[in-house]
Protein chains: 2
Amino acid sequence: MTSKPNPIKVLVVDDHPLLREGIAALIMNQTDINLVAEASNGREAIEKFRSHRPDVTLMDLQMPDMSGIDTIIAIRHEFPQARIIVLTTYAGDVLAQRALKAGAQSYMLKGHVRKDLLDTIRSVHAGRKSIQSEVAAQLADHVTDDALTSREVEVLALVAAGNSNKLIADKLSIADETVKGHVSSILSKLGANDRTHAVTLALKRGIIQL
Amino acid sequence: MTSKPNPIKVLVVDDHPLLREGIAALIMNQTDINLVAEASNGREAIEKFRSHRPDVTLMDLQMPDMSGIDTIIAIRHEFPQARIIVLTTYAGDVLAQRALKAGAQSYMLKGHVRKDLLDTIRSVHAGRKSIQSEVAAQLADHVTDDALTSREVEVLALVAAGNSNKLIADKLSIADETVKGHVSSILSKLGANDRTHAVTLALKRGIIQL
DNA sequence: GGATGCATCCCGGAATAGAATGATTCTCGA
DNA sequence: TCGAGAATCATTCTATTCCGGGATGCATCC
């Protein structure tokens, strides 16, 4: 084991140019880490991954075209050994859960980063997982309650858009009694007082987006 | 008018270290702009402003302690000539409106920035206002409709938290008929179908926060 | 093959929300 | 000081939401 093997090749995927600059500046001082490519959306991320084969990818979740989660899935499908660190503004346990399930090794909040980021890059490159304590705490808060089904999320999104149960029934081509059932289930799973509360809780937890 | 007067002194206020790094990196290459101080919250921002008297301040809106808007108001109260550029992740016409009313000269979205930022710093330092076209378009979308009153915003926040009209009435010590009146007014002003829709619209427009 | 979870449908009833309208008080700025 | 806008309370009526309960196909997983 030499003290200076090949530097770790890093790809940054984020639609904020300023943040990419920041990461570039941070990495530039490190001898064992090399920033080899940047991308500002999912499509580009996949291309750059193919051409540069980075050891570690830093990935934002919200991007113009393809969502970060879908991008992770696509990359991991093609390169199952890909190591990915999610770097995002938003908390939300469910979002983190989905990202980790999609194959990310780490989930970091942009607000809580400085030298941790470099350590995390090294750690993930070495094959370890690394979850920030804030994120881990959020995940732990909700391990007991069961997740919404995809249908329920679909219904909830329509609720958030201001549709009545009847309208949702029409749009999904199901009976409105069914919609009522879904809404009841959503309220109980989220511990919400009413549909409005359910929407704000779901937004906080990253279950739905605006 | 010489071509190289004193460089423009800039203060950056943002709780994201990475973003501050990015701005620092961007400014470092400019001869006519100097980054003289950084702050990661409102209190610190005011201190740094006092000690450094920057020509232009870049300010994020969401920060741990004091809100960006309050910080702008505090700074402008003490230094009415302060020139402030708001640099934030979130759109939301009402948020932008409030920031501009508080005395900001410019409102930029972090996602849409690269060299515009430098131009904007120079432009604002020269005494001009500079509103990004995306933000201007959003502002224009809502110039006609009248704003919510502070009481209405208060009610809406309680609605978002999942309170029934009756509960809101209790918490505000008013009759629930009054609450209904406020809610009706909110719905009509925002063009919402129901209270849930009102909440999501208000979140999008920066009228309330999660 | 049984268990489990999901999506679907149905019912009835109580509570809540929302529309429409009118009236009173108060403040603040023109 | 006059008027506009706010906030308040009230009444009536209808639509919608939410809570019980129960029931059916249909997957998947062990």
Side-chain angles (χ1 to χ4, degrees), chain A residues 94 97-98 101 142-203 205 207-208, chain B residues 73 94 97-98 101-102 142-203 205 207-208:
Chain A
V94 174
Q97 220 171 58
R98 287 220 302 263
K101 188 170 290 181
H142 299 287
V143 279
T144 61
D145 43 58
D146 46 349
L148 298 194
T149 68
S150 62
R151 191 58 154 179
E152 285 164 351
V153 173
E154 196 176 357
V155 169
L156 187 53
L158 289 168
V159 169
N163 295 287
S164 68
N165 290 340
K166 198 167 297 182
L167 258 178
I168 295 172
D170 286 351
K171 294 192 177 178
L172 297 182
S173 303
I174 56 179
D176 49 344
E177 287 84 9
T178 308
V179 176
K180 286 184 184 182
H182 287 315
V183 172
S184 288
S185 164
I186 291 167
L187 296 183
S188 103
K189 284 183 179 176
L190 295 183
N193 300 330
D194 56 37
R195 49 172 56 216
T196 305
H197 197 198
V199 166
T200 56
L201 289 176
L203 287 171
R205 296 188 49 193
I207 299 173
I208 57 174
Chain B
I73 293 174
V94 174
Q97 219 171 58
R98 286 219 303 262
K101 188 171 288 180
H142 298 288
V143 280
T144 61
D145 42 60
D146 46 351
L148 297 194
T149 68
S150 63
R151 191 58 154 178
E152 284 165 351
V153 173
E154 196 176 356
V155 169
L156 187 52
L158 289 169
V159 169
N163 295 287
S164 68
N165 289 340
K166 197 166 296 179
L167 259 178
I168 295 172
D170 286 351
K171 294 191 177 179
L172 297 182
S173 302
I174 57 180
D176 46 345
E177 287 83 9
T178 308
V179 176
K180 282 191 179 188
H182 287 314
V183 172
S184 287
S185 165
I186 292 167
L187 296 183
S188 105
K189 282 183 180 178
L190 296 182
N193 300 330
D194 56 36
R195 50 175 51 218
T196 306
H197 196 198
V199 167
T200 57
L201 289 176
L203 287 171
R205 296 187 50 192
I207 299 173
I208 58 174

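On a predicted model such as this, the values are computed, not experimentally measured, just so you know. Residue numbers begin at 1 in each chain, while the letters A, B, ... track the order of the sequences.
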Colleague: Along nucleotides 9-30 of chain D, 5' to 3', which nucleotides get a B, which get an S, and which get a -, given that the test is a protein heavy-atom distance under 4.0 Å?
Modeller: BBB----SBBS-----------
Colleague: Go through the structure and list residues passing salt bridge (charged side-chain N to carboxylate O under 4.0 Å, His left out) with R98(A), not counting sequence neighbours.
Modeller: none
Colleague: When you measure from the side chain of N193(B) to the backbone of G162(A), do you find a donor-acceptor pair of N or O atoms at a distance under 3.5 Å?
Modeller: yes
Colleague: Could you tell me the separation between the CG atom of D170(A) and the P atom of dT8(C), rounded to a whole number of Å?
Modeller: 14 Å
Colleague: Can you tell me how far apart CD (E152(B)) and NZ (K189(B)) are? Round to the nearest 0.5 Å.
Modeller: 3.5 Å
Colleague: Mind jotting down which residue pairs meet the salt bridge (charged side-chain N to carboxylate O under 4.0 Å, His left out) criterion with at least one end in residues 164-180 of chain B? Sequence neighbours excluded, please.
Modeller: none
Colleague: When rounded to the nearest 0.5 angstrom, what distance separates NZ in K101(B) from CD1 in I73(B)?
Modeller: 10.5 Å
Colleague: What salt bridge (charged side-chain N to carboxylate O under 4.0 Å, His left out) pairs are there with at least one residue in residues 194-203 of chain B, not counting sequence neighbours?
Modeller: none
Colleague: Enter the distance from I186(A):CD1 to T149(A):OG1 here, rounded to the nearest 0.5 Å.
Modeller: 7.5 Å
Colleague: Is there a donor-acceptor pair under 3.5 Å between the side chain of N163(B) and the backbone N or O of L158(B)?
Modeller: yes
Colleague: Using a cut-off of less than 4.0 Å, is there contact between a side-chain N or O of H182(A) and OP1 or OP2 of dT8(C)?
Modeller: yes
Colleague: Find out whether V199(B) and V199(A) are in side-chain contact, i.e. whether some heavy atom of one side chain is under 4.5 Å from a heavy atom of the other.
Modeller: no
Colleague: Say you draw a straight line from CD1 of I174(B) to NE2 of H182(B); how long is it, rounded to the nearest 0.5 Å?
Modeller: 4.5 Å
Colleague: Heavy atoms under 4.0 Å is the rule here; annotate nucleotides 21-30 of chain C 5' to 3' with B where the base is hit, S where only the sugar-phosphate is, and - elsewhere.
Modeller: ----------
Colleague: Determine to 10° how strongly the helix from dG1(C)-dC30(D) to dA30(C)-dT1(D) is bent, judged from the axes of its five-pair ends.
Modeller: 60°
